[in-house]
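The basis for the numbers below is simple: all heavy atoms, side chains too, and nothing from hydrogens, waters or symmetry mates.
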Amino acid sequence: MTTTHGEGETGILRCFGQMLRSLRTSRGLTRAEWGAKLSYGEDMATSVEWGRRIPQPEFIGRSESGWTAGARW
């Protein structure tokens, strides 16, 4: 579900998305590969990276587990 955000909220979502994009690309993953590893589709991964969707807690948790565990996805 795409939502409408206030200006401050949009900035936070974009910042979060940029951080995820940086982590993803530093590991050489495409959005499709990253989404699949999190059990989400490429569209969801793209929408979160671009700050168009608020990620669900499960999405954030799976992302965090992969990055902090040093996963070599």
Side-chain angles (χ1 to χ4, degrees):
M1 168 172 92
T2 303
T3 60
T4 304
H5 314 294
E7 187 174 314
E9 200 173 303
T10 300
I12 291 169
L13 292 174
R14 286 184 184 158
C15 182
F16 182 75
Q18 289 171 354
M19 180 186 68
L20 291 177
R21 183 177 320 120
S22 177
L23 290 167
R24 175 184 60 76
T25 58
S26 74
R27 286 163 173 79
L29 295 171
T30 66
R31 286 186 191 104
E33 292 168 331
W34 175 52
K37 291 184 183 296
L38 299 177
S39 300
Y40 284 90
E42 181 179 2
D43 290 344
M44 177 66 170
T46 300
S47 292
V48 171
E49 277 192 7
W50 290 358
R52 294 187 313 212
R53 290 191 65 169
I54 298 172
Q56 296 297 312
E58 295 82 14
F59 184 94
I60 295 169
R62 290 176 188 170
S63 294
E64 182 181 28
S65 294
W67 307 138
T68 59
R72 304 290 295 161
W73 298 350

What's the spacing between [X] [atom1] and [Y] [atom2] if we round to 0.5 Å?
{"X": "Met19", "Y": "Glu49", "atom1": "CE", "atom2": "CD", "answer": "11.0 Å"}
{"X": "Leu13", "Y": "Ser47", "atom1": "CG", "atom2": "OG", "answer": "11.5 Å"}
{"X": "Ser63", "Y": "Glu58", "atom1": "OG", "atom2": "CD", "answer": "11.5 Å"}
{"X": "Thr46", "Y": "Arg53", "atom1": "OG1", "atom2": "CZ", "answer": "11.0 Å"}
{"X": "Ser26", "Y": "Leu23", "atom1": "OG", "atom2": "CG", "answer": "5.5 Å"}

Check your understanding: Where do Met44 and Pro55 come nearest, in terms of heavy atoms and distance?
Key ->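 Smallest interatomic distance, heavy atoms only, reads CE-CA, 4.3 Å.
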Check your understanding: Got a donor-acceptor contact below 3.5 angstrom from the Arg24 side chain to the Leu29 backbone?
Key ->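 Yes: the side chain of Arg24 pairs with the backbone of Leu29.
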**Study point:** Donor-acceptor contact present, side-chain Ser22 to main-chain Gln18, <3.5 Å
**Key:**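 No.
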Point to revise | Evaluation steps, side-chain contact (heavy atoms from CB on, under 4.5 Å), between Tyr40 and Val48 | key: CA-CA 11 Å; Tyr40 284 90; Val48 171; over 6 Å; no
Check your understanding: Do the side chains of Arg31 and Arg21 get nearer than 4.5 Å, heavy atoms only?
Key ->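 Answer yes - side chains close enough.
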Check your understanding: Any side-chain heavy-atom pair from Trp34 and Leu20 closer than 4.5 angstrom?
Key -> yes
Review point. More than 12 foreign heavy atoms under 6.0 Å from CZ of Arg14: is that the case here?
Key: no
